[in-house]
Amino acid sequence: MSTPPRGKLPLPELIQMKRRGEKIVMVTAYDAPGARFAEDAGIDVILVGDTAAMVVLGYEGTTVPVTMAEMLFLTRTVARAARRPLVIGDMPFGSFQVSDEKAVENAIRFFKEAGADAVKLEGAGPSVSRVRSIVEAGIPVMGHVGLTPQSATMLGGFKTQGKTAEKARHLVDGALELEQAGAFAVVLEAVPAPVAAEITRRLTVPTIGIGAGRECDGQVLVYHDLLGLTEGHLPRFVKRYANLSREIRDALEHYAEEVRSGTFPEDEHTYEMADDELERFSSRRPSATSPKNQAKDSPTRPSKILSPSPESDPPLRKTSPP
Ligand code: KIV
């Protein structure tokens, strides 16, 4: 079995955190900048969620269409950038429902091709044997019960789950079965707080809540929701910590206005040319009055704004953030 890269949060540490009563912080991310921001903020776990379908791929109100190829691509970009946080690849609809064998094959792809540290899959019931098979193949699995968006149609929409005593007991049983099958943690989504608290007490492995109250061992939110990149209706459980969509809109409108008015670019955004080179360049240029160019509406002197000289100019783009 390969050893995790140095600095990677060891998976068993999550159980220790639960025992110490230290909250586990998880967030979704879908690209390298998001992974770096999460890492620098000290986030413990990054989920490359199939919410990608809605928040980055443009599908409305469903996670079902996102494919294995898309999830592998996104997971790979996150795994490349995240050193310390555990990276969990979310198994999309269709990648584990058919059989245990198919689920293991696809989990291996997340682990081997995309560099995920673990996978997550939705549901209890038939998902329990999928979890057991994937864990037996040596890949850590995070479970997910409560509101499981891939089955939203069967659940009657994006609704709170476990609101009756019977349904709540069913959720507790499902979470226990996932733990017995080897899941290293279980996400509880849109579950009444007392039910989530009971599951958290009954499980040895950590629970990660989203709309499941404060007694879970950790919390997860969707990156775009918490940063205010998602526009329109948001579930009650989301807290916005920024309003980035407003900032992005303002910045893009400002840019468009400056390009149209000629205010951008300014001198500080342009590259110059040595006077003698410019002179030589100009003198070799066909004159605007030569018969060939008479019809053209070009200036006699070229603009001083030309490509950068490799000797003296700063790099076009820094390779790492400041
Ligand atoms: O896909 C996702 O982002 C998730 C979280 C909401 C837990 O499953």
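In each ligand, atom 1 is the first atom listed, and ligand 1 is the first ligand listed. Keep in mind that this is a model prediction, so the values were computed, not measured. Atoms considered below: every heavy atom in the structure, side chains included; atoms not considered: hydrogens, waters and symmetry mates.
- Counting only heavy atoms from C-beta outward, the side chains of L121 and H144 never approach each other to under 4.5 Å.
- In this structure, a donor-acceptor pair under 3.5 Å is absent between the side chains of Y30 and T77.
- For the pair R84 (side chain) and E39 (backbone), a donor-acceptor distance under 3.5 Å is absent.
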Please set out all donor-acceptor pairs under 3.5 angstrom arising from side-chain atoms of residues 11-20, sequence neighbours excluded.
from	atom 1	to	atom 2	distance (Å)
E13	OE2	R20	NH2	2.5
K18	NZ	T200	O	2.8
K18	NZ	L203	O	3.0
K18	NZ	V205	O	3.1
K18	NZ	D217	OD2	2.8
R20	NE	E22	OE1	2.9
R20	NH2	E22	OE1	3.4

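- Partners of H269 by ring-ring contact (aromatic ring centres under 6.0 Å, His included), not counting sequence neighbours, listed by chain and number: F264.
- The hydrophobic cluster around V64 extends to F93, counting ILVMFWY residues whose side-chain heavy atoms fall within less than 4.5 Å of a member.
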Starting from the N and O atoms of ligand 1, find every protein N or O within less than 3.5 Å and list the pair with its distance.
from	atom 1	to	atom 2	distance (Å)
ligand 1	1 (O)	D50	N	3.1
ligand 1	1 (O)	D50	OD1	2.9
ligand 1	1 (O)	T51	N	3.1
ligand 1	1 (O)	T51	OG1	3.3
ligand 1	1 (O)	D90	OD2	3.1
ligand 1	3 (O)	T51	OG1	2.5
ligand 1	8 (O)	K120	NZ	3.1

